[in-house]
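In what follows, a single structure is set out as structure tokens and then discussed.
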Protein chains: 2
Amino acid sequence: MIRVLIADDHPVVRQGLRTFLDLHDDITVVGEAGDGAQAVELVAELAPDVLLLDLKMPVLDGLGALERLSGGPTRVVVLTSVSDPADVGPAMRAGAAGFLYKDVDPPALVQAVRAVHGGQVLLAPEAAEAMLATAADVAAPAPVPLTEREREVLALIAAGRSNREIARSLAVAEKTVKTHVSNVLMKLGVQDRTQAALYAVRHGLA
Amino acid sequence: MIRVLIADDHPVVRQGLRTFLDLHDDITVVGEAGDGAQAVELVAELAPDVLLLDLKMPVLDGLGALERLSGGPTRVVVLTSVSDPADVGPAMRAGAAGFLYKDVDPPALVQAVRAVHGGQVLLAPEAAEAMLATAADVAAPAPVPLTEREREVLALIAAGRSNREIARSLAVAEKTVKTHVSNVLMKLGVQDRTQAALYAVRHGLA
DNA sequence: TCGGCACTTCGTCCTAGGACCATAGAGGGG
DNA sequence: CCCCTCTATGGTCCTAGGACGAAGTGCCGA
């Protein structure tokens with residue numbers, strides 16, 4: 001039996017969810033909370049398996065409640081009406097095990113409760129997309145572009161040349177080469193010429 | 001009835017999954033593929049509702065298959081044995097609707113198939129964590145540290161000073177100030193002094 | 001043999017000049 | 001009055017010297 005707590009500021013929504021969920025043999029709604037603070041209290045008191053949590057609530061909002069509950073044994077499914085993609089990341093980071101929108105198909109909600117109770121993480125497609133969107137920026141964190149000269153220097157570093165040798169190759173002062181090397185290291189976010197050389201090889205710049 | 005196709009290079013695994021899944025009234029396994037290419041073919045031929053896809057497969061690996069299948073009506077659940085967090089992001093971006101590990105509790109797998117068929121996205125906890133981890137870097141993309149002098153210059157920019165005025169304040173050449181400004185702009189990843197000033201204000205550096 | 005010193009190499013930060021390019025504003029000519 | 005050119009300001013890239021600090025290398029003397 002999965003013990004569920006419902007937190008939502010609208011009594012009608014709570015009643016609807018309770019009625020629907022209680023129809024299922026393996027689910028029982030053990031309580032309702034009208035705001036985040038109450039939700040936190042009731043989780044402590046009732047230790048439900050799953051908390052269905054609205055994000056927009058008075059006193060303490062869903063995210064705040066989520067943070068206070070993280071680490072506990074209760075699995076939290078965020079169930080929100082507004083679909084702001086920016087909500088998804090913080091909620092998941094705060095320990096949510098599910099993120100659904102209220103327009104969810106009711107049977108799907110039941111499956112979600114079961115899946116989350118079973119330890120999985122479940123997202124509405126829009127929520128998954130929102131997470132990917134933020135993660136996408138990560139993949140390409142604007143790799144600071146190297147200038148022409150810096151690429152030349154990097155190539156020579158990757159060829160194992162010393163600063164003095166590079167200076168001779170490029171017909172500039174060794175000091176200038178050092179400056180370029182410094183800039184390359186900074187731009188690549190790397191600590192020394194060895195790592196820069198590896199970067200060059202790995203990215204086919206050598 | 002949910003029609004499932006299984007793609008895995010181990011016949012034993014396929015057999016095990018098939019036997020177990022077929023026990024459920026609402027699920028039927030309509031085919032098996034031993035490699036990614038075959039999986040793509042069978043999806044086209046059988047149009048299953050859900051594809052259980054191993055990532056590590058001969059000929060065409062899971063990720064490749066996933067890419068070829070993206071956009072189609074078949075929902076793909078990645079079911080992998082090795083747990084490399086780096087696999088999660090690409091797979092989800094390539095259109096996976098689920099990401100589970102083979103040590104999954106069998107009933108949970110069934111729930112996953114149902115949830116995914118219902119349009120939700122379902123992740124193993126480790127996979128969700130992996131996605132968050134990549135998304136976390138985004139939030140803090142290693143803000144390149146400014147040097148002491150650069151911070152001084154930035155503060156003066158934020159105070160609305162021109163390069164010439166800053167040069168006077170710091171008792172250096174205007175050229176030097178320009179160099180510092182350039183470096184600050186680059187480090188902040190910003191296009192001009194105006195944005196730098198805003199950054200400074202927003203981050204309390206002014 | 002070993003500890004320490006000296007030297008080189010690397011790397012950082014600040015400084016700054018020269019050559020350019022873009023943009024915006026100001027003033028003059030049609 | 002409107003356009004056009006000219007200049008100031010901002011910004012980029014390359015160059016490079018001075019002052020330092022961290023590491024590695026090798027040699028020398030105890």
Side-chain angles (χ1 to χ4, degrees), chain A residues 137-206, chain B residues 137-206:
Chain A
D137 301 345
V138 129
V144 185
L146 299 183
T147 66
E148 182 56 35
R149 207 52 157 170
E150 285 163 356
R151 278 193 299 275
E152 288 175 26
V153 171
L154 177 55
L156 291 169
I157 288 174
R161 303 288 210 297
S162 72
N163 286 341
R164 202 189 303 287
E165 289 168 330
I166 295 173
R168 262 199 292 275
S169 291
L170 301 182
V172 298
E174 190 182 338
K175 208 73 241 312
T176 302
V177 174
K178 280 189 171 192
T179 304
H180 288 315
V181 170
S182 264
N183 289 334
V184 168
L185 298 186
M186 181 182 55
K187 286 184 178 179
L188 299 186
V190 111
Q191 303 314 311
D192 58 52
R193 57 170 50 225
T194 313
Q195 286 174 257
L198 294 176
Y199 178 100
V201 170
R202 264 199 278 279
H203 293 70
L205 306 177
Chain B
D137 299 347
V138 127
V144 186
L146 299 182
T147 67
E148 182 57 34
R149 206 53 158 171
E150 286 162 356
R151 277 193 299 276
E152 288 176 28
V153 171
L154 177 55
L156 291 169
I157 288 174
R161 302 288 209 296
S162 74
N163 287 340
R164 202 189 305 287
E165 289 168 330
I166 295 173
R168 263 199 291 276
S169 290
L170 302 183
V172 298
E174 190 182 340
K175 209 71 244 316
T176 301
V177 174
K178 278 190 171 193
T179 304
H180 287 315
V181 171
S182 266
N183 289 334
V184 169
L185 298 186
M186 181 180 58
K187 286 184 177 179
L188 299 186
V190 112
Q191 302 314 309
D192 58 52
R193 58 173 48 228
T194 313
Q195 286 174 258
L198 293 175
Y199 178 100
V201 170
R202 264 198 278 278
H203 292 70
L205 307 177

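To find a chain, count down the sequence lines: A is the first, B the second, and so on, and within it residues start at 1.
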Where is the tightest heavy-atom contact between A:R193 and A:R161, given as atom of each residue plus distance? NH1-O, 3.0 Å
Per-nucleotide protein contact along nucleotides 15-21 of chain D, 5' to 3', at a 4.0 Å heavy-atom cut-off (B base, S sugar-phosphate only, - neither), is BBBBB--
What's the CD-P distance between A:E148 and D:dC13, to the nearest Å? 12 Å
Atom pair distance, as rounded to whole Å: CG in A:L146 and P in D:dT12: 16 Å
Integer-rounded Å distance: D:dT12 C1' and B:D192 CG: 14 Å
Of all the heavy-atom pairs spanning A:V190 and A:A196, show the shortest one and how long it is. CG1-N, 3.8 Å
Between A:E148 and A:R151, does any NZ, NE, NH1 or NH2 come within less than 4.0 Å of an OD or OE carboxylate oxygen? yes
Rounded to the Å, how far apart are A:E165 CD and C:dT8 P? 16 Å
Decide yes or no on salt bridge (charged side-chain N to carboxylate O under 4.0 Å, His left out) for B:R168 and B:E165, but give the supporting numbers first. CA-CA 5 Å; B:R168 263 199 291 276; B:E165 289 168 330; 5.5 Å; no
Could you check how far NZ of A:K187 sits from C1' of C:dT12, rounded to whole Å? 16 Å
What does A:T147 touch in the nucleic acid at a heavy-atom separation under 4.0 angstrom: a base, only the sugar-phosphate, or nothing? sugar-phosphate
Rounded to whole Å, CD1 of A:I166 lies from C1' of C:dG11 at a distance of 13 Å
Whole angstrom is fine here: how far is it from CD in A:E150 over to P in D:dC13? 8 Å
Taking all heavy atoms of B:V153 and all of B:H180, pick out the closest pair and write down the distance. CG2-CB, 3.8 Å
Side-chain heavy-atom pair B:H203, B:L154 within 4.5 angstrom cut-off: no
Between C1' of C:dT9 and CD of A:Q191, the distance in whole Å: 18 Å
C:dC10 OP1/OP2 closer than 4.0 Å to side-chain N/O of A:N163: yes
